[in-house]
Structure formats: structure tokens, C-alpha cells
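The residues of the chain are indexed from 1 along the displayed sequence. Side chains included, hydrogens not; waters and symmetry mates left out as well; all remaining heavy atoms used. Counting starts at 1 for both ligands and their atoms, following the listed order.
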Amino acid sequence: MEIKLHGTSQINQQQHLQIGGVDAVTLAQTYGTPLYVYDTSFVRNRAQAFKETFATEQVKAQVAYASKAFATVAMYQLMHEEGLSLDVVSAGELYTAVQAGFPAERIHFHGNNKTEAELRYAISEQVGCYVIDNFDEIELLNRLASEMSATVNALIRVTPGVEAHTHEFITTGQDDSKFGFGLLNGQTEAAIQLLQTKAHINHKGIHCHIGSQIFEMDGFITAADRIITKMAEWQMTLNYTVDVLNLGGGFGIHYTDEDEPLAPETYVRHIIQAVKQQTAALGLDLPEIWIEPGRSLVGEAGTTLYTVGSSKKVPGIRQYVAVDGGMGDNIRPALYEAKYSAALANRMNEPADTTVSIAGKYCESGDMLIWDAQLPQPVAGDVLAMFSTGAYGYSMASNYNRVPRAAVVFVADGQHRLVVKRESFADLVRNDLQLRGE
Ligand SMILES: *Cc1c(COP(=O)(O)O)cnc(C)c1O
């Protein structure tokens with residue numbers, strides 16, 4: 001089986017995996033394992049591809065990094081350098097963005113239960129846009145903005161009755177979701193009308209997000225068509241014009257060879273074409289188009305390096321090979337049977353002629369990283385590289401079994417830079433207090 005390398009990954013003269021011009025085995029030795037390695041030129045290329053497609057088509061747009069995929073100071077700074085906007089979903093992500101010096105006017109605040117404290121913090125930081133999720137939030141946000149003598153920009157999140165996963169999408173009339181206002185059941189009109197009475201909220205437009213790891217355009221196009229059809233109605237009946245149409249994220253990426261994602265340019269071009277066509281057909285002005293890629297900006301840029309430890313043969317069934325990480329640094333296989341591919345970073349020239357299952361070191365039978373991986377027979381001390389771990393790996397990491405969270409390194413052009421330190425044992429007990437005494 002041939003190994004498909006992403007981004008700027010190559011095999012070097014030592015037959016080692018090289019990422020962004022840096023030997024992965026050297027990285028493992030320098031920083032220890034498990035180690036998250038990000039090829040930042042991959043992230044920058046993706047960011048530019050999304051942005052430049054809008055520029056080429058001369059469409060006013062914002063590309064917002066949906067930062068729950070990987071939320072750290074250094075990545076926020078990189079996204080700022082690339083001119084992207086930023087989605088945050090909590091005060092913690094907002095705080096991280098503030099620490100990173102990310103301009104508040106390009107931060108968009110999402111979430112279905114923003115607390116009063118979170119909203120006060122966001123208003124005090126002058127966050128650029130709120131994506132309002134429900135009627136309670138309209139009341140709360142307007143009251144807080146009024147108390148703080150502010151006027152805030154907002155979109156409302158709608159559920160267009162479209163749900164997309166990978167190759168399929170389903171349309172449902174009555175969208176049963178915890179997020180957003182129903183587009184087709186009158187809730188959206190009620191929200192628009194309520195917002196027309198709120199002096200401290202500037203209602204700029206509509207947001208939807210239909211799913212993730214999507215490989216086809218039809219879900220996006222159906223959602224856009226449904227919203228734009230409503231836009232024409234709202235202009236007539238409510239005297240409400242949508243200035244911003246945010247179609248969310250969810251653009252698919254390559255984890256294994258079963259995945260065949262579209263290029264960022266293709267996703268964007270099809271979205272632009274659909275929005276242009278439908279607005280023109282209904283005699284509407286073209287709104288600004290916003291998108292929110294998360295996984296597709298950082299997922300394939302990330303590789304996790306592990307050290308191989310013990311192994312166990314179950315005669316006639318399979319061989320388990322354990323590494324020094326697992327569900328604590330990547331919960332996705334255990335959480336939703338996510339599939340990954342891997343290679344031995346120190347033996348890239350050897351044929352992948354053995355089938356082994358990669359186990360984590362955590363105390364759960366479900367702590368498996370890859371079932372039936374094709375590799376050269378791994379031995380203790382090998383460096384296992386697991387690909388496309390850049391999204392929802394570190395950001396979902398835990399301290400289960402009191403394992404310190406792994407370090408993060410950025411690589412590019414033969415240079416490497418530590419951007420998140422490995423947690424220490426002292427970090428693990430930092431918030432623990434003694435049973436007795438002062
Ligand atoms: C998670 C999320 C995204 C990004 O999804 P990806 O699959 O990572 O691209 C975008 N918008 C919203 C509202 C989200 O919740």
C-alpha cells in the first residue's frame with residue numbers, strides 16, 4: 001500500500017518522514033512523544049485558497065476560521081497573518097484570541113447558550129459579530145448591549161432543514177436540532193421581527209451550518225437556495241434585507257484513501273455560483289458571503305507522532321500494537337469511529353506488509369486509534385506518524401488517566417517552533433487542594 005503524504009511531507013535521505021522540511025524522527029527526539037506537528041505552509045495555502053477564490057470572483061466575503069478545531073494562541077496569530085476572521089464559541093476561545101492579539105472586529109461569537117458573563121466579556125472586547133441562536137439570546141444580548149451602551153452586529157442562525165454528512169445529505173421539513181431558528185416553521189420570521197424592535201442589535205443577516213466532513217455540494221446549494229428564496233419574501237413582507245449570508249463550514253478532508261474531498265477553490269466557486277444564480281433569479285442584490293472552515297484549514301496540516309511500545313498477538317485474530325498516546329490526545333476514533341492512516345516515520349522505505357491494530361495506552365478497551373493499519377511490522381521504539389490529526393485532536397484532548405497533554409510544534413521551511421508546551425506533572429495537580437489544613 002502506498003502512503004499518501006500531505007502538504008509538504010516527504011521522505012528524506014534517511015528514509016524518514018519529513019514534514020515541512022523537518023525530520024519527524026528528530027522532532028520526536030527533540031520534543032518527546034506524543035507530539036502534534038503542524039505544517040503551517042499547508043494551513044497558509046488553504047487559507048489563501050479560500051480567500052483568493054472570493055477575491056478572484058470579486059465577491060465581498062469573510063473567511064472565518066472555525067477555531068474549535070484547534071484553538072491556540074499561535075494558530076490564531078497565523079490566521080490573523082493570513083487575513084482570516086475567527087469564530088469562537090466560548091469565553092475561553094475569546095480569551096485565547098485576545099491573548100493572541102486577534103482584532104476583535106473580525107471575531108464572530110457563536111454558541112447556543114452564551115452566558116450573561118460571556119456576552120458581557122464579548123461586548124467589553126467589542127467583538128465584531130454575534131451569531132444569535134435563539135429568542136432568549138435576542139433579549140439577553142439587547143439588554144446587555146443597552147446596559148453597556150453598545151450596539152452590536154448580529155446574524156441569526158437558522159436550520160434550513162438540510163443535514164449533510166460526507167456523501168449524503170437529507171432534507172427535513174422540521175429540523176430537530178438544538179441549534180438555531182427553524183427556517184421553514186415561522187421562527188425565523190418571528191426572530192427577524194423581534195430584532196427589528198431591538199435598538200442595540202444591528203441585524204446583518206443569516207447564518208447556517210449544515211454538517212461536517214462534507215464531500216458534495218448539493219447540501220450547501222439546497223441550503224443556500226432555501227434561504228435566498230426566503231430572503232425575497234422577507235424583503236417584500238418584512239422590509240428586511242439580508243446583507244450577509246454565512247453558509248458555515250464543514251468542507252471535507254482526506255483522512256484515508258476512502259475520502260475524496262473537493263479542493264477549497266471548488267467548494268467556494270460552487271457556493272458563489274449558487275448564491276449568484278438564485279439571488280439574480282429573484283432580483284436580489286448579492287449579499288456578502290461568509291464561510292467558516294475549521295477542519296479543512298488545519299486537519300490535514302496536523303500529524304501526531306507516537307512512540308511504539310508493547311504489542312500483543314491474539315493468535316489467529318489480530319496483533320495489537322500500543323503507542324504512548326491514544327484517546328487523551330485524539331478522542332475521535334473512540335467517539336465516532338473516525339478512521340485514520342499512519343506510517344512508521346523512521347522506516348518509510350519498508351513495505352507496509354503487515355496488518356496491525358494501533359491501541360492507545362488509556363484504560364478503556366475502546367481506546368483504539370486505528371483498526372487494521374497497514375504498516376511494516378512495528379517494533380518498540382519506532383515512531384508512528386498518524387496523519388490528518390490537526391482538527392479536533394488537541395482541542396478535544398483530556399487528562400484522562402492523569403496523562404499530561406502533549407506538546408504542539410509548528411514546522412515550515414525546515415524550521416520548527418514549539419507553540420504549546422507539554423504539560424508537566426505539576427500542571428496536573430495545579431488546581432488540586434489538600435484534604436486537610438490551610
Ligand atoms: C464546527 C463549526 C464549523 C466548522 O466545521 P468544520 O467541519 O470543522 O469545517 C463552522 N461553523 C459552525 C457554526 C460550527 O459549529
Side-chain angles (χ1 to χ4, degrees), residues 38 42-43 46-47 49-51 61-72 75-76 79 84-90 92-94 106-114 127-134 137 154-160 162-167 169 175 177-181 183 205-217 219-220 223-224 227 244-255 259 261-264 266-268 271 289-302 330-332 335-336 338 388-396:
Y38 283 81
F42 182 94
V43 181
R46 278 283 162 101
F50 280 117
K51 268 195 74 174
Q62 280 193 44
V63 178
Y65 170 47
S67 73
K68 69 184 193 283
F70 177 68
T72 61
M75 189 56 86
Y76 284 7
M79 295 299 180
L84 266 55
S85 301
L86 192 70
D87 280 1
V88 300
V89 296
S90 71
E93 287 183 354
L94 176 56
R106 290 213 319 277
I107 298 177
H108 308 160
F109 196 1
H110 284 258
N112 69 310
N113 186 25
K114 305 175 189 77
V127 158
C129 191
Y130 295 78
V131 180
I132 297 177
D133 198 89
N134 50 65
E137 188 181 343
L155 308 182
I156 56 174
R157 179 168 181 165
V158 304
T159 47
V162 173
E163 221 186 285
H165 301 283
T166 307
H167 290 293
F169 85 109
D175 197 347
S177 162
K178 78 168 184 178
F179 291 111
F181 300 94
L183 181 71
I206 301 293
H207 168 277
C208 75
H209 173 70
I210 59 170
S212 62
Q213 188 61 353
I214 302 169
F215 293 152
E216 306 281 337
M217 291 310 305
F220 291 107
I227 293 169
V244 173
L245 176 57
N246 185 332
L247 292 171
F251 313 110
I253 69 165
H254 179 274
Y255 288 102
D259 301 326
L262 304 173
T266 310
Y267 285 113
V268 172
I271 284 173
I289 303 174
W290 294 6
I291 58 166
E292 307 174 314
R295 185 192 316 269
S296 53
L297 285 168
V298 295
E300 286 179 53
N330 188 349
I331 190 79
R332 295 185 68 258
L335 192 61
Y336 24 71
S388 296
T389 58
Y392 308 105
Y394 177 79
S395 67
M396 288 186 168

Q) Can we say K68 and E93 salt-bridge, meaning some charged N sits less than 4.0 Å from an Asp/Glu carboxylate O? A) no
Q) Quick one: side-chain hydrogen bond (donor to acceptor under 3.5 Å, both in side chains) partners of S388, sequence neighbours excluded? A) H6
**Q.** Side-chain donor/acceptor of H209 to backbone N/O of G249, under 3.5 Å
**A.** yes
Q: Indicate whether the side chain of E292 and that of H207 have a donor and an acceptor atom separated by less than 3.5 Å.
A: yes
Q.
I'd like to know if the side chain of D87 and the backbone of Y65 have a donor-acceptor N/O pair within less than 3.5 Å.
A. no
Q: Determine, using ring centers only, whether F251 and F220 are less than 6.0 Å apart.
A: yes
List ligand 1's nitrogen or oxygen atoms that come under 3.5 Å of a protein nitrogen or oxygen, with the partner atom and distance.
residue  : atom   : partner : partner atom : Å
ligand 1 : 8 (O)  : R295    : N            : 2.7
ligand 1 : 8 (O)  : Y392    : OH           : 2.5
ligand 1 : 9 (O)  : G250    : N            : 2.9
ligand 1 : 9 (O)  : G294    : N            : 3.0
ligand 1 : 11 (N) : H209    : ND1          : 3.4
ligand 1 : 11 (N) : E292    : OE1          : 2.8
ligand 1 : 15 (O) : K68     : NZ           : 2.8

